[in-house]
Amino acid sequence: MRAADTATREPGHDFIRDIVQDDLASGRHKTVVTRFPPEPNGYLHIGHAKSICLNFGIAREFGGRCHLRFDDTNPTKEEQEYIDAIERDVRWLGFDWGKHLYHASDYFETLYGWAEHLIKAGKAYVDDQSQEEMRANRGTLIEPGRNSPFRDRSVKANLDLFRRMRAGEFPNGARVLRAKIDMGSGNINMRDPVLYRILHASHPRTGDKWCVYPSYDFAHGQSDAIEHITHSICTLEFEDHRPLYDWFIENLPVPSRPRQYEFARLNMTYTVLSKRVLTLLVRDGHVSGWDDPRMPTIAGLRRRGVPPAAIRDFVRRVGVAKANSTVDYGMFEFSVREALNRTARRRMAVLRPLKVVIENYPEGQVEELEAVNNPEDESAGTREIRFSRELWIERDDFMENPPKKFFRLSPQKEVRLRYAYFLTCREAIKNAAGEVVELRCTYDPATRGGNAPPDGRKVQATLHWVSAADAVDAEVRLYDQLFAKPDPDAANFAADLNPNSLEVLAGCKLEPALVAGNSSDPVQFERQGYFCPDRDSTPGRPVFNRTVGLRDTWAKVSAR
RNA sequence: UGGGGGAUAGUUCAACGGCAGAACAGCGGACUCUGACUCCGUUAAUCUAGGUUCGAAUCCUAGUCCCCCAGCCA
């Protein structure tokens, strides 16, 4: 596991870490053992990252270990692709399960034996009711259920039927194995929950060996016990499964007694973290795939250029508690910018180009000017950038009739070209439609390198630019929120999709250093944001993704 | 009308009977060859009503509001 990136900060504690600490201090446990238990039926998202950081983080902080365990009890929904993606994403986030990679399916034989154990103890029975009958007899939230007519079968009959279920004698849905607990319980999970169902389906790991599969409830706690998990940490919706979790631990000859603790799952504004919805977004083509840079999946964030350290930092800031909450997306962006600011090389790129011709700059002359790679990191060094008579600047950096607070270029106004010269706009040339298509400007040779001239003249703005003769054309993809509303409706998510979540810019002008070396590292386009090369790039056509924009005070001021 | 949880600045999280604090967001300023970064300042909260106590966010009582549970999903 990688060293804490937050070493200089408070260690950070929460009610779960408090419990772990107490259990260690009191001697209840010698070491802490946690687990991250994904079901391989989709890709991991930022909500899972919270659980991953919690479980692996606790193991690291308290000198214990954390298992990666696939909760693969439903072969009708699970696929090898997801298994591979999950392993890749957990590793990428910076965590390592060592040799502790497990699957609930590793325990199918043991689990099956424990089911027979329950039958022999008179605590489980085979139920022949149809799904509809079971539902009808389960009662409601306020009315108790009714016992199944098959509830009092003999142990012998139950054993025989259950073994024939396993042998494949019955079709899907014909019978289930149920625990005999209490159909009158106020907790619906205790109303004779299903332990095994018949599923004639091929499993990614066990193939066709089984046609009965344990339910989540019958597999999870027992898997924890087999692995000697000390603290089984899950989300709030499993809180009322805990009595059932404990019931199995108490009624089965399990090798250890894990305990379950629940915390509130992560929610973010403008974001849906529901595997069902994410799956539909992919399936119905609303996004290009699980790793579409607009997706809140780990794979999407990675392609977007978000560093794993930013995700860890975000999760740490959000904290762990039991109250349902929705985190402001801005808090995530803050963590992303903070991580990138320290590490990203600075480069210049013009996204929406406007031609500048410097009338007093000699035709054919080219100069090499020195530029800093990262002001936050001197060891990143410097690079040379070429300057010439014709340049590209950002369209947004020129206004013919600027408002009062506009510091950038306008007719007769002087600005600095970053690392180059002071530049004054002399004339804006328009096309027939009245659009500005070119700026005629002059420069001051006394300001070489961007330094203030001897007369002490100052300038209000510094613009980025790219030499036209040297610029590399590129495609740049700008992303906005996938959803237009801060609280999208998961039940009808398509209606809340942001139609402008992707903006593709062609003909962007890059400084050549951006395509030299073929690096996949994140970069800052100065004054604009953090970007990273996309895997769609080809040698002739680089493609960049905007990870996140820079904080933009001007945009806020100009909007008022 | 059942069972299980939860309510502290706009947001997220602390405070574990003893001065309600942080981060993000906001606002104002300083600095600046990125309207970035950084720095400084600042606005802003204990769900309600009672009670116990020298003292209550914290303990007790009664309410209010919010979330989860009726898959052979996890």
Side-chain angles (χ1 to χ4, degrees), chain A residues 10 12-15 18 37-39 41 71 73-74 76-77 127 130-131 134-136 138-145 172-178 184-191 193-199 213 215-217 219-220 234-243 262 264 266 269 275-276 316-335 337-338 341-342 346 348 371-372 375-376 405-408 416-420 422 447 449-452 459-464 524-529 549-558:
Chain A
E10 287 290 302
H13 81 102
D14 51 66
F15 76 97
D18 289 348
E39 185 192 10
N41 67 343
D71 228 332
T73 57
N74 186 351
T76 66
K77 294 189 176 173
D127 195 343
S130 70
Q131 210 161 151
M134 268 187 63
R135 190 184 313 125
R138 188 155 28 231
T140 68
L141 293 179
I142 54 173
E143 298 159 17
N172 288 355
R175 295 174 220 267
V176 293
L177 183 73
R178 290 230 257 174
S185 173
N187 182 345
I188 291 175
N189 294 300
M190 301 301 270
R191 319 237 264 228
V194 169
L195 271 31
Y196 269 87
R197 72 281 212 198
I198 299 170
L199 252 26
Y213 291 91
S215 63
Y216 162 84
D217 287 305
H220 199 97
C234 63
T235 44
L236 251 28
E237 67 269 27
F238 294 102
E239 218 155 7
D240 44 17
H241 289 243
R242 192 175 353 119
E262 310 87 10
L266 176 70
T269 55
K275 262 199 223 174
R276 187 189 67 85
R316 185 191 59 77
R317 285 170 189 276
V318 164
V320 179
K322 292 196 72 161
N324 295 107
S325 61
T326 302
V327 178
D328 191 322
Y329 189 83
M331 209 183 282
F332 178 64
E333 291 190 320
F334 178 86
S335 289
R337 289 192 188 104
E338 182 164 83
N341 178 46
R342 294 195 307 263
R346 311 292 133 122
M348 293 202 283
V372 174
E376 306 285 327
K405 288 267 195 54
F406 187 82
F407 298 158
R408 282 110 93 147
R416 172 191 291 105
L417 293 175
R418 183 109 157 123
Y419 299 123
F422 280 20
T447 58
N451 298 307
V459 97
Q460 274 184 303
T462 298
L463 309 188
H464 61 276
Q524 183 193 103
F525 291 179
E526 293 221 28
R527 301 208 305 134
Q528 307 202 86
L550 254 28
R551 214 169 138 256
D552 190 351
T553 307
W554 164 243
K556 224 154 39 187
V557 170
S558 63

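Protein chains get the first letters and strands the later ones, always in sequence-line order, with residue 1 at the start of each.
- If you check every strand for non-hydrogen atoms under 4.0 Å, A:V194 touches sugar and phosphate atoms only.
- Consecutive pairing runs in RNA chain B reach the stem threshold at B:2-7 with B:64-69, B:10-13 with B:21-24, B:26-30 with B:38-42, B:47-51 with B:59-63, where a stem means at least three Watson-Crick or G-U wobble pairs with distances under 3.5 Å.
- Going from the C1' atom of B:G3 to that of B:G51 covers 29 Å, rounded to whole Å.
- As judged by a 4.0 angstrom heavy-atom cut-off over every strand, A:Q131 is placed among the base-contacting residues.
- Both thresholds, 5.5 Å between centres and 30° between ring planes, are not jointly met by A:Y216 relative to the base of B:A74, so the two rings are not stacked.
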Checklist line | Evaluation steps, side-chain contact (heavy atoms from CB on, under 4.5 Å), between A:Q524 and A:L550 | finding: CA-CA 9 Å; A:Q524 183 193 103; A:L550 254 28; 3.8 Å; yes
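- Using a 4.0 Å heavy-atom criterion, one finds that A:N41 contacts no nucleic acid atom at all.
- Residue side chain A:N324 does not reach the base of B:G6 through any donor-acceptor N/O pair under 3.5 Å, judged by distance alone.
- Dashed line: the shortest gap from a side-chain N or O of A:R135 to OP1 or OP2 of B:G71 is under 4.0 Å.
- For B:A74, its base sits under 3.5 Å from the side chain of A:H241 at one donor and acceptor pair at least.
- Between A:T326 and the phosphate of B:U11, there is no side-chain N or O to OP1/OP2 separation shorter than 4.0 Å.
- Note on A:T73: only backbone sugar-phosphate atoms sit closer than 4.0 angstrom, heavy atoms only; bases stay farther off.
- Rounded to whole Å, atom P of B:C72 lies 12 Å from atom NZ of A:K77.
- When the side-chain nitrogen and oxygen atoms of A:S325 are compared with OP1 and OP2 of B:U11, none of them lie within a distance under 4.0 Å.
- Relative ring orientation between A:H241 and A:F238 is described as perpendicular, the plane-to-plane angle rising above 60° on a 0-90° scale split at 30° and 60°.
- Applying the 3.5 Å distance criterion, the base of B:G35 shares a donor-acceptor pair with the side chain of A:R408.
- At a threshold of 4.0 angstrom between heavy atoms, the contacts of A:V320 are confined to the sugar-phosphate backbone, with no base atom among them.
- Below the 3.5 angstrom threshold, one finds no donor paired with an acceptor across the side chain of A:E143 and the base of B:U1.
- Remark: A:E39 does not engage A:K77 in a salt bridge, criterion side-chain N to carboxylate O under 4.0 Å.
- At least one side-chain nitrogen or oxygen of A:R197 sits closer than 4.0 Å to the OP1 or OP2 atom of B:C73.
- B:G71 takes the syn form, because its glycosidic angle lies no more than 90° either side of 0.
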